[in-house]
Amino acid sequence: FGFRGNPDWKHGNANWTIDYPASDRHLSEEVRRLTRVAARSVEQPIDLDDDGDDVFNYPFLYAVEVGFWNLTDSQVTKFREFLTRGGFFMCDDFHGTAEWEVFMQTMRKVFPDREVVDIPESDQIFRIVYPMDVKYQVPGAQYLRSGRTYEQDGYSAVWRGIYDDRGRLMVAICHNMDLGDAWEYADAPYYPAEMTTLAYHYGINYLIYSMTH
């Protein structure tokens with residue numbers, strides 16, 4: 001994805017690498033441990049600019065720092081095709097109204113005719129593996145220094161999404177929270193275990209949903 005930072009994202013040191021690769025590998029490890037999914041042990045960055053169809057080999061895409069993304073027209077086209085052909089996208093680690101607007105500038109190009117809505121409590125994604133009856137804001141590692149669970153003016157966590165015509169959730173938006181940090185610091189004794197546990201439950205629920213819907 002074309003994030004702000006190093007103009008050549010393939011060399012790293014760009015926004016998308018904020019939690020990479022520790023968060024990705026920790027989530028994969030928990031998927032293998034807690035489900036029957038034979039997840040690979042290492043992450044797979046996806047290049048929407050490649051000339052082939054590699055993106056269509058994966059049911060689930062995850063991105064962070066989407067409050068800074070800026071997809072090109074060709075990336076938007078392939079991203080939309082991935083989603084409409086049955087793919088699932090989860091994004092996380094962006095905060096407040098300013099980053100929300102940046103995120104939506106690109107998302108409106110992907111789906112100009114579809115609304116972003118709050119995911120209802122009754123949606124299966126909240127209970128497909130783990131019942132998510134109690135939800136709270138999962139903060140980033142800055143919480144350890146500041147004691148604040150929020151960043152900028154993102155005071156409350158929200159779970160939003162975009163549905164297709166059949167009622168399948170295509171896009172799961174985790175706004176004003178940082179699940180990636182909770183995965184990244186899962187083995188750090190100073191990061192709260194209850195927040196890492198909740199973050200894993202979200203990740204596993206979303207992943208299993210993406211492979212069954």
Side-chain angles (χ1 to χ4, degrees), residues 1-32 35 37-94 102-114 116 119 125 128 160-175 179-180 183-184 202-213:
F1 288 4
F3 288 87
R4 187 181 68 178
N6 189 322
D8 186 354
W9 67 269
K10 298 176 187 179
H11 291 167
N13 195 30
N15 287 64
W16 75 271
T17 64
I18 291 293
D19 304 315
Y20 169 90
S23 66
D24 311 66
R25 296 185 184 184
H26 286 165
L27 179 60
S28 292
E29 180 180 352
E30 291 307 298
V31 169
R32 292 195 304 275
T35 77
V37 176
R40 59 188 297 174
S41 59
V42 296
E43 68 290 337
Q44 178 61 54
I46 301 299
D47 183 1
L48 290 177
D49 287 325
D50 90 40
D51 294 329
D53 292 330
D54 184 53
V55 65
F56 302 111
N57 292 321
Y58 303 93
F60 179 92
L61 292 183
Y62 170 69
V64 300
E65 293 278 345
V66 291
F68 297 102
W69 71 349
N70 182 25
L71 300 191
T72 65
D73 289 344
S74 62
Q75 290 170 337
V76 163
T77 298
K78 184 170 283 190
F79 187 39
R80 182 190 306 115
E81 184 180 0
F82 166 80
L83 294 169
T84 55
R85 285 174 58 175
F88 182 91
F89 173 66
M90 173 185 176
C91 60
D92 171 43
D93 189 10
F94 69 119
V102 172
F103 167 72
M104 285 302 299
Q105 285 174 9
T106 287
M107 216 62 225
R108 291 186 192 106
K109 296 178 184 178
V110 178
F111 287 124
D113 56 340
R114 296 189 182 275
V116 172
I119 302 174
I125 201 167
I128 192 165
R160 294 173 175 150
I162 299 175
Y163 289 84
D164 68 11
D165 293 336
R166 296 175 298 160
R168 177 185 69 91
L169 191 64
M170 297 184 289
V171 177
I173 304 163
C174 301
H175 187 221
L179 306 180
W183 300 336
E184 180 181 10
Y202 281 124
I204 289 172
N205 272 19
Y206 284 22
L207 179 64
I208 298 301
Y209 181 97
S210 75
M211 300 179 71
T212 55
H213 288 72

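The first residue in the sequence is number 1, and the count goes up from there. Just so it is clear, the structure is predicted and the values come from calculations on it, not from any experiment.
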Are the side chains of [X] and [Y] in touch, meaning some heavy atoms are under 4.5 Å apart?
X	Y	value
Ile128	His213	yes
Leu48	Val55	yes
Leu83	Phe89	yes
Asp49	Ser74	yes
Phe103	His175	no
Asn57	Asp54	yes
Phe88	Leu169	yes
Trp183	Glu30	no

Problem set entry | Worked check of side-chain contact (heavy atoms from CB on, under 4.5 Å) between Met211 and Phe60 | CA-CA 8 Å; Met211 300 179 71; Phe60 179 92; 5.9 Å; no

Problem set entry | Check: Asn205 side chain, Ile125 main-chain N or O, donor-acceptor pair, under 3.5 Å |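 Answer holds: yes.
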
Problem set entry | Backbone N/O of Leu179 and side chain of Asp92: donor-acceptor pair under 3.5 Å | yes

For this session: Using the side-chain contact (heavy atoms from CB on, under 4.5 Å) rule, take Ile119 and Tyr163 through it: C-alpha gap first, then chi angles, then the decisive distance, then the call.
Result: CA-CA 9 Å; Ile119 302 174; Tyr163 289 84; 3.6 Å; yes

For this session: Using a strict cut-off of less than 4.0 Å between a Lys/Arg side-chain nitrogen and an Asp/Glu carboxylate oxygen, indicate whether Arg114 and Asp165 qualify as a salt bridge.
Result: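 Answer for the salt bridge query: yes.
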
Exercise. Can Met107 and Val66 be said to form a side-chain contact (heavy atoms from CB on, under 4.5 Å), step by step?
Worked result: CA-CA 10 Å; Met107 216 62 225; Val66 291; over 6 Å; no

Heavy-atom closest contact ([X] atom, [Y] atom, distance):
X	Y	value
Val31	Ala39	CG1-CB, 3.9 Å
Ser41	Arg25	O-CG, 4.0 Å
Gly87	Arg168	O-NH1, 2.9 Å
Ser23	Gly180	CB-O, 3.2 Å
Arg80	Val110	NE-O, 2.7 Å
Tyr209	Gly167	OH-O, 4.3 Å

For this session: Tell me, yes or no, whether the heavy-atom count around Met104 atom CE, taken from other residues, nucleotides or ligands under 6.0 Å, exceeds 12.
Result: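 Atom CE in Met104 is packed in, count exceeds 12.
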
Exercise. Is the number of heavy atoms from other residues, nucleotides or ligands within 6.0 Å of CG (Asp113) greater than 12?
Worked result: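 Yes, the 6.0 Å shell around CG holds more than 12 heavy atoms from other groups.
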
Distance check, rounded to the nearest 0.5 Å: [X] atom [atom1] versus [Y] atom [atom2]?
X	Y	atom1	atom2	value
Met170	Thr84	CE	OG1	7.5 Å
Ile46	Leu61	CD1	CG	6.0 Å
Tyr62	Cys174	OH	SG	8.0 Å
Lys78	Thr72	NZ	OG1	10.5 Å
Leu71	Gln105	CG	CD	12.0 Å
Ser28	Glu43	OG	CD	7.5 Å

For this session: For Phe94 and Ile173, run side-chain contact (heavy atoms from CB on, under 4.5 Å): C-alpha distance rounded to whole Å, both residues' side-chain angles, the deciding distance at 0.1 Å, then the answer.
Result: CA-CA 10 Å; Phe94 69 119; Ile173 304 163; 3.6 Å; yes

Problem set entry | Mutual orientation of the aromatic rings belonging to Tyr206 and Tyr202 [parallel < 30°, tilted 30-60°, perpendicular > 60°] |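 Tyr206 vs Tyr202 ring planes: perpendicular.
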
